[in-house]
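Naming: A, B, ... by sequence-line order, numbering from 1 per chain.
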Number of protein chains: 2
Amino acid sequence: MSKIKVSIKDIAQKAGVSTALVSYVLNGKEKESRVGQEIALKIKQIAAELNYQPSHLAKSLRSGKTHTIGLIIADISNPFFANIARVVEDEAKRNGYTVIIGSSDENADKSRDLLDVLINRQVDGFIIVSSENSEQQIHNLKDKNIPFVLLDRYFPEIPTDFVSTDHYKASYDAGTHLVRNGYKRIGMIAYDSHLFHMQERIRGYRDSLRDNKIDYQNSWLKPVKINNIENGVKASIDDMLASDQPVDAILFATYSLAVSGLKHINLLRLKVPEDLGIVSFGQAEVFELYYCPITYLKQPIVLLGQTAVELLVKKLTNNLNEPAQILMKAELIERASSKTKYSVSA
Amino acid sequence: MSKIKVSIKDIAQKAGVSTALVSYVLNGKEKESRVGQEIALKIKQIAAELNYQPSHLAKSLRSGKTHTIGLIIADISNPFFANIARVVEDEAKRNGYTVIIGSSDENADKSRDLLDVLINRQVDGFIIVSSENSEQQIHNLKDKNIPFVLLDRYFPEIPTDFVSTDHYKASYDAGTHLVRNGYKRIGMIAYDSHLFHMQERIRGYRDSLRDNKIDYQNSWLKPVKINNIENGVKASIDDMLASDQPVDAILFATYSLAVSGLKHINLLRLKVPEDLGIVSFGQAEVFELYYCPITYLKQPIVLLGQTAVELLVKKLTNNLNEPAQILMKAELIERASSKTKYSVSA
DNA sequence: ATAGTTTGCTTAATCGTTTAAGCGGAGGTT
DNA sequence: AACCTCCGCTTAAACGATTAAGCAAACTAT
């Protein structure tokens with residue numbers, strides 16, 4: 001019934017003053033702008049009465065700030081990213097920001113499109129989980145002076161702010177854990193990706209073997225194409241087991257790889273951990289409800305998300321510009337899938 | 001280096017014309033607005049050269065359309081909603097819309113806040129998975145003439161557009177399936193909620209028992225408070241098993257309930273399906289990787305999401321206003337957790 | 001030649017805000 | 001009385017686009 005949308009103009013009219021006064025009052029600038037007490041009160045009353053809601057659009061157009069954050073992730077339907085997204089959403093809201101989420105599918109082209117769309121929607125800044133080959137996009141953002149924080153992944157050769165897990169250490173810990181528990185031939189299934197976090201996970205694995213005097217075999221490390229996980233994992237596992245040095249444990253570099261892997265391991269009727277020890281990155285119910293609960297590397301998702309938002313918001317407000325590069329520790333949650341092999345003396 | 005943002009004005013200046021002309025040309029209105037061929041070409045070239053990107057804000061302010069959809073779900077970190085969100089995101093993008101997702105945590109207050117924030121951000125319309133006690137909000141949207149489509153849940157007493165699974169039938173099918181497979185005392189764990197979809201799931205369960213001549217016991221139906229799932233489920237299961245008519249199968253009304261339930265069932269060292277048959281709503285890897293894969297009701301997530309977007313977009317454009325109320329079938333995916341009990345003759 | 005039409009462009013209002021600048025009038029100072 | 005300072009308010013430009021209306025010049029028709 002009532003007017004579609006109440007504007008500052010309507011209030012001004014009803015109060016018999018100019019829109020400027022209304023704006024001052026409604027923005028709490030009554031003192032600085034020397035607004036009369038009575039009229040200020042009157043304006044506030046009318047605003048309340050008409051249930052005035054300022055137009056974000058108009059504000060944004062004027063101020064150049066939309067109070068919107070773009071969050072670029074690989075895929076919102078992946079639990080890791082969904083959880084991150086939730087944390088970011090909540091933390092952003094606490095700070096008065098709205099989040100627009102975009103899924104890049106680990107694809108640089110889609111990622112660029114998303115960035116374009118969102119830049120063009122004038123988001124104030126980005127939180128980005130980078131895709132492979134997206135270095136140029138990062139450079140562009142820097143050139144255009146668009147604030148952003150990289151999350152979970154970063155490019156060591158590009159100086160940027162980032163918040164990430166210490167992937168190297170996590171992986172190193174996982175490898176060491178397996179060795180300590182008596183596994184001798186430890187394989188790793190990772191993404192076939194140049195992304196630094198993946199390389200770090202691989203490096204951590206390799207170093208853990210080296211430091212534990214295990215003679216690494218090339219056939220133990222299997223890179224899987226990201227767009228054909230199911231088959232890639234299957235083939236990798238078959239291969240690892242068929243070699244003359246068959247693995248007795250597998251470290252999965254991501255949750256998705258582990259899910260595919262566990263499916264195949266079930267089909268092969270292998271027993272975890274007797275036939276095959278398992279450790280995986282990521283966390284999810286699957287790992288708890290598997291017949292043999294899975295040992296996993298728990299990333300500090302809440303802290304990662306919160307810190308990323310906090311950092312970005314700081315950049316957007318204080319224009320705090322000392323670079324922030326934060327690495328957080330993953331926690332190894334020991335469950336049954338990597339239990340000590342009693343066949344081996346400690 | 002270059003100017004922060006290229007506007008229509010910059011182009012006009014460089015071309016030596018008014019902004020109006022530029023606007024006409026860039027919107028393909030050259031013909032209707034009788035713009036000269038040469039100058040049109042020139043404007044296009046300059047626009048390309050300067051890499052002009054129109055300001056969404058300005059456009060929106062003028063047109064009143066933001067080409068943004070608000071998606072209200074319970075929780076983005078729940079796989080069901082994450083998947084829905086992904087579908088909606090993709091489908092919306094295909095239609096030139098951007099999605100802002102908000103998690104209500106099944107809480108009417110949060111839901112109202114979200115709606116307010118997003119209305120105020122001038123989203124063009126909503127896709128909503130309603131929370132309990134949010135009827136008033138739906139009425140408000142109708143009163144304010146804000147287009148929306150309800151997803152997955154709806155209020156039978158409020159005439160609205162919606163896209164939903166046929167929860168009654170799904171549940172009925174699940175119950176019948178269990179009976180047919182020889183289970184005699186079938187319990188159900190549901191949310192303690194008045195939401196119609198939950199009541200329908202319960203009704204379907206009860207009717208399936210009735211129609212199959214099973215003497216329903218009140219102690220078999222357990223409503224669990226949504227904010228204390230873990231303990232609620234635990235107590236419910238304990239109770240169901242302790243009664244003088246202990247259940248031999250459980251139907252879980254949601255994925256989250258099932259996850260909690262399976263955890264507890266593991267702790268109790270009950271064997272599925274020998275000690276307890278299981279069917280659950282929802283789908284996720286858990287159900288496939290559980291030692292005994294879980295029979296589940298697969299909701300047509302992709303279709304649900306796509307249809308919701310399609311409907312909303314139609315409302316936003318054609319202002320198509322014949323009401324659309326769509327029910328879709330869930331598919332019962334039979335796995336080992338509800339296998340025929342051979343102890344019982346068929 | 002005169003009136004009418006078409007062509008090619010400009011002007012200016014508008015969307016809803018913010019905010020620098022300005023302008024009378026009241027009061028104070030000398 | 002002349003000047004200055006505050007006070008309380010208004011004016012108007014700006015953000016970046018869209019679009020109805022208008023205007024001059026060129027062309028068409030009679």
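Contacts classified as salt bridge (Lys or Arg N to Asp or Glu O under 4.0 Å) and involving residues 52-78 of chain B (residues at least two apart or in different chains) are given here: A:Arg86-B:Asp75. Listed by first and then second residue, the salt bridge (Lys or Arg N to Asp or Glu O under 4.0 Å) pairs involving residues 38-48 of chain B are B:Glu30-B:Lys44 (not counting sequence neighbours). For residues 130-141 of chain B, the set of pairs meeting the salt bridge (Lys or Arg N to Asp or Glu O under 4.0 Å) definition, not counting sequence neighbours, is empty. A ring-ring contact (aromatic ring centres under 6.0 Å, His included) check over residues 102-149 of chain A, counting only residues at least two apart or in different chains, returns nothing.
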Exercise. Run the numbers on B:Asp109 and B:Arg112 for salt bridge (Lys or Arg N to Asp or Glu O under 4.0 Å), then give the verdict.
Key: CA-CA 5 Å; B:Asp109 288 341; B:Arg112 178 159 20 77; 3.0 Å; yes
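Rounded to a whole Å, the CD atom of A:Gln122 is 10 Å from the C1' atom of D:dC15. What separates CD1 of B:Ile8 from C1' of D:dC15 is a distance of 13 Å, to the nearest Å. The CG atom of B:Asn120 sits 13 Å away from the P atom of C:dG16 (whole-angstrom rounding). Here C:dG16 presents its P atom at 12 Å from CD1 of A:Ile11, a figure rounded to the nearest Å. When rounded to the nearest whole Å, the span between CG of B:Leu21 and C1' of C:dA12 equals 15 Å. The NZ-P distance, from B:Lys65 to D:dT18, rounds to 16 Å in whole Å.
A salt bridge links A:Glu106 to A:Arg153: one of the charged nitrogens lies within less than 4.0 Å of a carboxylate oxygen.
In this structure, the salt bridge (charged side-chain N to carboxylate O under 4.0 Å, His left out) partners of B:Lys14, at least two apart in sequence or on a different chain, are B:Glu49. Remark: B:Arg94 pairs with B:Glu91 by the salt bridge (charged side-chain N to carboxylate O under 4.0 Å, His left out) rule, at least two apart or across chains. Not a single salt bridge (charged side-chain N to carboxylate O under 4.0 Å, His left out) links A:Lys93 to another residue, sequence neighbours left out.
B:Ser103 places a side-chain N or O within 3.5 Å of a backbone atom of B:Ile76 that can act as its donor or acceptor partner. In this structure, the side chain of A:Asn120 does not engage the main chain of A:Asp116 through any donor-acceptor pair within 3.5 Å.
In this structure, A:Thr19 and B:Lys9 both approach DNA chain D, and ranking their closest nucleotides by distance from the 5' end singles out A:Thr19.
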What's touching nucleotides 24-27 of chain C from the protein side, N or O pairs under 3.5 Å?
none

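Checking A:Thr98 against B:Arg121 by side-chain atom types alone, a donor-acceptor pair falls below 3.5 Å.
Contact between the side-chain N/O atoms of A:Lys5 and the OP1/OP2 oxygens of C:dC15 is not found at any separation under 4.0 Å. In this model, the phosphate group of D:dG16 is not approached by any side-chain N or O of B:Ser7 to a distance below 4.0 Å at OP1 or OP2.
Overall bending of the helix from C:dA1-D:dT30 to C:dT30-D:dA1, expressed as the angle between end axes built from five pairs apiece, is 70° (10° steps).
A heavy atom closer than 4.0 Å to some atom of DNA chain C occurs in A:Ser23, A:Tyr24, A:Asn27, A:Lys29, these being the qualifying members of residues 23-31 of chain A. Contacts between residues 32-41 of chain B and DNA chain D, defined by a heavy-atom separation below 4.0 Å, involve B:Arg34, listed by number. DNA chain C is contacted by A:Tyr52, A:Gln53, A:Pro54, A:Ser55, A:Ala58, A:Lys59, A:Arg62 of residues 49-64 of chain A, taking any non-hydrogen atom closer than 4.0 Å.
Within 6.0 Å of NZ in A:Lys315 there are more than 12 heavy atoms belonging to other residues, nucleotides or ligands. Enclosure of atom CD in A:Glu157 by more than 12 non-hydrogen atoms of other residues, nucleotides or ligands within 6.0 angstrom is indicated. Other residues, nucleotides and ligands contribute over 12 non-hydrogen atoms within 6.0 Å of the CD atom of B:Glu32.
Interatomic distance, CG of B:Leu151 versus CG of B:Leu71, reported as 7.5 Å (0.5 Å rounding).
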